[in-house]
Amino acid sequence: MPFTTGAADEPAVAPGRPGTSTRPGWPRTVPPAGWPRTEDEALAEQDRLRGRFVRGAGPGRVATVAGLDVAYHEDGERLAAAVVVLDAADLTVRDSVVVRGTAAFPYVPGLFAFREIPALLEALDRLTVRPDVLVCDGHGLAHPRRFGLACHLGVLSGLPAYGVGKTPLIGTWEPPGPARGARSDLVDGVRSSGRCCGRRTG
DNA sequence: GCGACAG
DNA sequence: ATCTTGTCGC
């Protein structure tokens, strides 16, 4: 499990307890052992994990839903990962966690997951309420190699995950109508990789 | 070959 | 992602 400790400008130190730090300054996210450090390594890992991906393994009874997102410091490295678990019945907040940390990989389209997943996993680890499904800020199957952040986080967390991207990465679509809830298929080749619910032109 | 490219 | 200026539409 990843964890954060120490200040950004300090060397990593063994925390008294995973995910805890008594030191001042911004915590540094310590990725799991073997976390990719180069694009080639990340591509290989993405390929390996894709073998563990199970498509269509959606949630059964959804009692709780988790929403995840990451906010960055202007330096583009320090970040805060947040997870909010809602009761699916009335949208009541059942639990929430915010962890500060650092980006675990440079931003590379297609390898985006390697940047935020360690911090997101840590946030999920600190949850006391187990969500039945994850709603991620980034694409899932609508990815050049069919393994976007949502797929990646789904495999590593063992939880069903949906990817929700704000801007397109791949595929083409017909602009959805203006009615609330309108949507259209996001098509990549002959396969439908998702749905467009926004109004951006493509 | 060139451009585009989640957050 | 985050910042910033300018413009457009309701």
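The analysis underlying the following values was restricted to heavy atoms, covering all of them including side chains, and did not include hydrogens, waters or symmetry mates.
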Quiz item: So does A:K166 get a side-chain nitrogen or oxygen closer than 4.0 Å to the phosphate oxygens (OP1/OP2) of B:dG7?
Solution: yes
Quiz item: Distance check: side-chain N/O of A:T167 vs OP1/OP2 of B:dG7, anything under 4.0 Å?
Solution: yes
Exercise. Indicate the atoms forming the closest heavy-atom contact of A:S157 with A:L124, along with that distance.
Key: CB-CD1, 4.1 Å
What is the distance, rounded to the nearest whole Å, between atom [atom1] of [X] and atom [atom2] of [N]?
X      : N     : atom1 : atom2 : result
A:L120 : B:dA6 : CG    : C1'   : 13 Å
A:Y72  : C:dT2 : OH    : P     : 9 Å
A:I170 : B:dA6 : CD1   : P     : 12 Å
A:W173 : B:dA6 : CH2   : C1'   : 12 Å
A:H143 : B:dA4 : NE2   : P     : 19 Å
A:D137 : B:dA6 : CG    : P     : 12 Å
A:F147 : B:dA6 : CZ    : P     : 19 Å
A:R115 : C:dA1 : CZ    : P     : 11 Å

For [X], report the nucleic acid contact type (base, sugar-phosphate, nothing); a contact means any heavy atom under 4.0 Å.
X      : answer
A:G76  : nothing
A:I117 : nothing
A:G110 : base
A:A71  : sugar-phosphate
A:L149 : base

Quiz item: Can you give the dot-bracket line for DNA chain C, where a pair is Watson-Crick or G-U wobble with both atom distances under 3.5 Å, crossing pairs use [ ], and | marks a partner on another strand?
Solution: ..........
Exercise. Kindly point out which of C:dA1, B:dC5, B:dG7 is positioned nearest to the side chain of A:D69?
Key: B:dG7
Quiz item: Will you find, in the side chains of A:T92 and A:D90, an N or O donor that is under 3.5 Å from an N or O acceptor?
Solution: yes
Quiz item: Salt-bridged, A:R145 to A:D47, with N to O below 4.0 Å?
Solution: no
Quiz item: Can you say whether the rings of A:F114 and A:F105 are parallel (under 30°), tilted (30 to 60°) or perpendicular (over 60°)?
Solution: tilted
Exercise. Over 60° means perpendicular and under 30° means parallel, so classify the ring planes of A:F147 and A:H152, tilted if in between.
Key: tilted
Quiz item: Under the 5.5 Å and 30° test, is A:Y107 stacked on the base of C:dA1?
Solution: no
Self-check item: A:L127-A:V65 co-clustered via ILVMFWY side chain contacts under 4.5 Å
Solution: no
Quiz prompt | Euclidean distance, A:F53 CZ relative to A:R146 CZ, rounded to 0.5 Å | solution = 10.0 Å
